[in-house]
2 protein chains.
Amino acid sequence: MSKPAESNATILDVARRAGVSRTTVSRVLNEPDRVSKDTLQRVQDAATALNYSPNSFARSLRSGRTGVIALLVGDISQPFHGSLAQAVVEAAEERGFGVMLYDLGHSTARLEDVLRKLPRQGVDGMIIATADDVSTSSISDAVRECIAQGIAIVTGVEQFEVDGITSVRTDHREGARLAMEALASEGLTRPAILLGDRNGPIGKQLVAGAQGATVHEVGYTFDDAAAAVKILANDHDSLIVATLPMALGAMSALTRAGRSLPVVVCEEVPFAAQVTPAFSTSAVPPDETGREMVRLVDAVINSIPLEPRALHASLTRRESF
Amino acid sequence: MSKPAESNATILDVARRAGVSRTTVSRVLNEPDRVSKDTLQRVQDAATALNYSPNSFARSLRSGRTGVIALLVGDISQPFHGSLAQAVVEAAEERGFGVMLYDLGHSTARLEDVLRKLPRQGVDGMIIATADDVSTSSISDAVRECIAQGIAIVTGVEQFEVDGITSVRTDHREGARLAMEALASEGLTRPAILLGDRNGPIGKQLVAGAQGATVHEVGYTFDDAAAAVKILANDHDSLIVATLPMALGAMSALTRAGRSLPVVVCEEVPFAAQVTPAFSTSAVPPDETGREMVRLVDAVINSIPLEPRALHASLTRRESF
DNA sequence: TTGTAAGCGTTATCAA
DNA sequence: TTGATAACGCTTACAA
């Protein structure tokens, strides 16, 4: 029986055991081609025997790379961001990255803090996934600083007026447009659209896509939407709602008022299908977005030329319309 | 105007500028008391002037500490884990830790992979937050290896039969018991309880707490619960359900069958209050659990003696009962 | 194909 | 109170 091998072996231990220099061991790990077949074998044997694995700090210290990307989300307690994070974590792992999670709690001050801290934290790249409007000048400064430090940045929607940022190409207008068309095709031609912030990066697109709908800017929460519904004019025949929490709020207020209206939500999460009535959605699935974000950030980190992929919204009919 | 100071300054740069040695600069950062007031000031000025911040890899390389904890969750797309993660991230940050996120997708194989990888990844501690039954011997081995590597481990519920693991003291029996009592106090004395796995760490406790209820082991998903409800005997007057997705599934099937039953859910998440009807819950809020987890892992990492705090379930009446 | 040796930026151990 | 100096474990010119 071999010893458990506490795995604190260093590259030097492996080198000694294989009767070679550290350089050779390092080469076996990083450029196996440059090593003779024979020594390759010997080194690999020694490595496994000692249960060796490279110290990531030492490696980072030399290479400047960490193998870590930061994921900044507006609110991880929301299913949308959870689904996104799930896809990001999975895709990142496939590419050999770990993911550090930061929750912004919808606060721009918090975002700025994180941005200021990240360069010191040592991440290769970051994904900023918030639909909030975060275009202040001090945040742009912080973002610029990150880029200057060589951190790759990917956002879910065009956010900052800063060069060197890659954004996912998601056309949210399409989501709204598809919803409008579907409603219209069943004779519902007087929809209202409820959104959190008409000047936010997503809100703008929804407004553009929902030409002809009455726009109500109500805030992002369940309560916001519930309150808004109460003062909604009676001449609407249907509702388009930006997010699932808002849709739940609207639905709840509607039910409570003894009213009922066809609803389409511009956000696709598993929960949408599980509530009663199940919500029809028109959106880009968050896992697609997440995967694309990782693909992009990986490309930027490794300076691989990229062709951002266009992500499309699709309509899923369920019970709410 | 001072120069932008690209922030790539090292400790040596600061030392030179302040006219001291690196040692002194390091002391200013780590043990300010051991430095004369005068030099302290000079060094700090130099540091800010150069926009200096310590390189975290070099620091980790020397100290063996990373300031990072890993959070392993069963399924981050579920609101419960999202809320938990939110609390964990916030509490961790308060204590100076960053959080790396790992999603297990309810897979034990995946858990083992992660456990095997983490010691090389360089984390000071880890929080394992899954309600799945993961007690296999190879997983216990992997856990032991982590502990041997000096990684602090905290779990949400007693999981592994391994020494050196700290668990949050949450009494899930209490959640179930409270639900039973509340139902009984309104004359509902023949409840069924729906849970995913009666041998899982949580399932066991729920069963123990719901003495007198008929136990149905149905699986963890929406569909599982929906299917189970269809074959539920007619002589039950109420339902206790382990998770929100399951509760939604049950409710959906009930509605579809034209039936209706009082329901209490043993999981508290914001969504529970937002669906229609809003669910009554009897559980420990996930953010409390998350905060406690971080408190514990921090204590273990810094070998501070700790008194695990008992977390209590509470009943919140809403519309479903 | 392999090895030598110089760092990467910190912190810890001595001395002074 | 301060400072030389040696690690920490790895990568990478440059030599051999």
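Just so we're clear, the structure is a prediction, and the values are computed from it rather than from any experiment. By convention in this document, chain letters (A, B, ...) are assigned in the order of the sequence lines, proteins followed by strands, and residues within each chain are numbered from 1.
Using a 4.0 Å cut-off, no side-chain N or O of B:S21 falls inside it from OP1 or OP2 of D:dA4. Phosphate proximity of D:dT2 to B:T39: present, with a side-chain N or O under 4.0 Å from OP1 or OP2. Side-chain nitrogen and oxygen atoms of B:S60 include none within less than 4.0 Å of the OP1 or OP2 phosphate oxygen of D:dC8. At C:dT11, one or more side-chain N or O atoms of B:N30 fall inside 4.0 Å of OP1 or OP2 (strictly under the cut-off). Side-chain nitrogen and oxygen atoms of A:S26 include none within less than 4.0 Å of the OP1 or OP2 phosphate oxygen of D:dC10. Put simply, B:S36 has a side-chain N or O that comes within less than 4.0 Å of OP1 or OP2 on D:dT2.
The residues A:R42 and A:D38 are annotated as salt-bridged, a charged nitrogen and a carboxylate oxygen being separated by less than 4.0 angstrom. We find that B:D13 and B:R17 are not joined by a salt bridge, their nearest charged nitrogen and carboxylate oxygen being 4.0 Å or further apart. A salt bridge does not link A:E288 with A:R291: every distance from a Lys NZ or Arg NE/NH1/NH2 to an Asp or Glu carboxylate oxygen is 4.0 Å or more. Taking 4.0 Å as the cut-off between side-chain N and carboxylate O, A:R110 and B:E93 count as a salt-bridged pair.
We find that CZ of A:F57 is positioned 14 Å from P of C:dT11, with the value rounded to whole Å. Atom C1' of nucleotide D:dT2 and atom CZ of B:R34 are separated by 12 Å, given to the nearest angstrom. Atoms CG (A:L12) and P (D:dC8) sit 10 Å apart, rounded to a whole Å. Distance A:L29 CG to C:dT2 C1': 16 Å, rounded to the nearest Å.
A donor-acceptor pair shorter than 3.5 Å can be found between the side chains of A:D133 and A:S135.
When heavy atoms are screened at a 4.0 angstrom cut-off, B:T23 is found touching base atoms of the nucleic acid.
Contact of B:R62 with D:dA7 (side chain to base): a donor-acceptor pair of N or O atoms is detected under 3.5 Å. Evaluation of atom-type donor-acceptor distances gives no pair under 3.5 Å for the side chain of B:R59 against the base of C:dT10.
When each of B:L40 and A:S56 is assigned the nucleotide of DNA chain D bearing its nearest heavy atom, the one mapping closer to the 5' terminus is B:L40.
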